[in-house]
Amino acid sequence: MFSKVGQIMLYVNDQDESLAFWTEVAGFHIVDEVTLDEGMRWIEIAPTKDSQTSIVLHDKEVVARMSEGVNLGTPSLMFFTDDLDRLYADLSAKHVTVGEIIEMPTGRVFNFADNEKNYFAVMERKG
């Protein structure tokens, strides 16, 4: 049986620009950063230092060269927040592309785009 989701791989065109977006704009923290063989650079980020799930920013070109046939598309990710309005206002103030806040049966949600125009969703989950 699976015990948890550990890491999500996000394949990007420019790791430095993506790292800047996720840390400086979205407020994520660097968990680990390592350069491996064949030019592979592993950048692990998470919303908090003690998050159980993290995102690894991988260079699309390097991964395509090393692992032919791997799907390099953007994963569908749903983030959660305790304060949707505050996060929406914060991302908007930083000129991040955000969609409308929508009322869903499961809670309020909006989407946003990162620096490479990958879209993600955020849902409000109170306490």
Side-chain angles (χ1 to χ4, degrees):
M1 299 222 102
F2 295 104
S3 61
K4 68 177 184 174
V5 174
Q7 296 170 328
I8 298 159
M9 305 303 147
L10 181 57
Y11 304 105
V12 299
N13 294 308
D14 187 316
Q15 285 178 298
D16 292 321
E17 285 184 15
S18 291
L19 180 61
F21 172 84
W22 286 103
T23 56
E24 296 169 18
V25 177
F28 277 53
H29 301 273
I30 297 172
V31 175
D32 198 11
E33 185 173 356
V34 179
T35 301
L36 306 168
D37 295 337
E38 300 183 44
M40 173 73 78
R41 183 172 163 211
W42 177 280
I43 305 171
E44 183 180 358
I45 58 172
T48 63
K49 296 276 186 191
D50 60 346
S51 294
Q52 289 189 10
T53 304
S54 61
I55 297 173
V56 178
L57 303 173
H58 280 295
D59 184 304
K60 255 186 202 179
E61 188 177 307
V62 173
V63 171
R65 195 172 59 241
M66 292 176 65
S67 302
E68 188 175 318
V70 82
N71 181 353
L72 299 174
T74 305
S76 180
L77 298 179
M78 173 71 77
F79 294 98
F80 295 106
T81 182
D82 293 334
D83 191 341
L84 194 81
D85 296 310
R86 182 172 157 212
L87 179 59
Y88 187 90
D90 182 56
L91 292 176
S92 296
K94 293 175 179 173
H95 307 288
V96 173
T97 301
V98 295
E100 293 181 38
I101 295 176
I102 299 171
E103 294 282 342
M104 304 277 289
T106 53
R108 297 185 320 141
V109 64
F110 72 89
N111 64 20
F112 70 95
D114 70 4
N115 62 300
E116 293 194 3
K117 306 300 179 218
N118 297 307
Y119 280 83
F120 306 95
V122 180
M123 181 177 283
E124 187 168 51
R125 287 246 172 114
K126 300 262 185 190

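What you are looking at is a predicted structure, and each value in this text was computed from that prediction instead of being measured.
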- Query: Between NE2 of H58 and CD of E44, what distance do you get to the nearest 0.5 Å?
  - Reply: 9.5 Å

- Task: Please round to the nearest 0.5 Å and tell me the distance separating atom CD1 of I45 and atom CD of E33.
- Result: 11.0 Å

- Would you say Q7 has more than 12 foreign heavy atoms packed within less than 6.0 Å of its CD? yes

- Kindly determine whether E61 and N13 satisfy side-chain contact (heavy atoms from CB on, under 4.5 Å), including the steps that lead there. CA-CA 7 Å; E61 188 177 307; N13 294 308; over 6 Å; no

- Task: Treat each ILVMFWY residue as a node, draw an edge where side-chain heavy atoms are under 4.5 Å apart, and state whether M9 and L36 are in one component.
- Result: yes

- Message: Give me the atom names and distance for the closest heavy-atom approach of T53 to A46.
- Response: O-CB, 4.0 Å

- Item | Co-membership, hydrophobic cluster, residues W22 and V98, 4.5 Å side-chain | yes

- Item | Reported CZ-to-OG1 distance for the pair R125 and T81, which is rounded to 0.5 angstrom | 12.0 Å

- Message: Give me each pair satisfying salt bridge (Lys or Arg N to Asp or Glu O under 4.0 Å) with a member in residues 13-32, each pair once, sequence neighbours excluded.
- Response: D16-R41

- Got a second to check how far F110's CZ is from E124's CD, nearest 0.5 Å? 10.0 Å

- Treating Ile, Leu, Val, Met, Phe, Trp and Tyr as nodes and any side-chain heavy-atom pair under 4.5 angstrom as an edge, say whether V34 and Y11 lie in one connected cluster. yes

- Message: Classify the ring geometry of F112 against F120: parallel below 30°, tilted from 30° to 60°, perpendicular beyond 60°.
- Response: tilted

- Would you indicate whether the side-chain heavy atoms of L77 and F79 approach each other to under 4.5 Å? yes

- Message: Test your reading of the model: is there a side-chain donor-acceptor pair from E116 to the backbone of S18, 3.5 Å cut-off?
- Response: no

- With a 4.5 Å limit on heavy-atom distance, are the side chains of M40 and V63 in contact? yes

- Item | Residue from D82, D83, D85 passing salt bridge (charged side-chain N to carboxylate O under 4.0 Å, His left out) with R108 | D85

- Should I102 and V122 be counted in the same cluster of Ile, Leu, Val, Met, Phe, Trp and Tyr side chains packed under 4.5 Å apart? no

- Report the distance from atom CG of L19 to atom CD1 of I43, rounding to the nearest 0.5 Å. 5.0 Å

- Task: Give a yes or no on whether V70 and W42 share a hydrophobic cluster (residues Ile, Leu, Val, Met, Phe, Trp, Tyr; joining criterion: side-chain heavy atoms under 4.5 Å apart).
- Result: yes

- Message: Keeping N111 on the side-chain end and Y119 on the backbone end, is there a donor-acceptor pair under 3.5 Å?
- Response: no

- Query: Does R86 come within less than 4.0 Å of D90, counting only side-chain N to carboxylate O?
  - Reply: no

- Message: I'd like to know whether CD of E103 has more than 12 heavy-atom contacts from other residues, nucleotides or ligands below 6.0 angstrom.
- Response: yes

- Item | Donor-acceptor under 3.5 Å (T97 side chain, A113 main chain) | no

- Rounded to the nearest 0.5 Å, the CD atom of Q15 sits from the CG atom of L57 at a distance of 7.0 Å

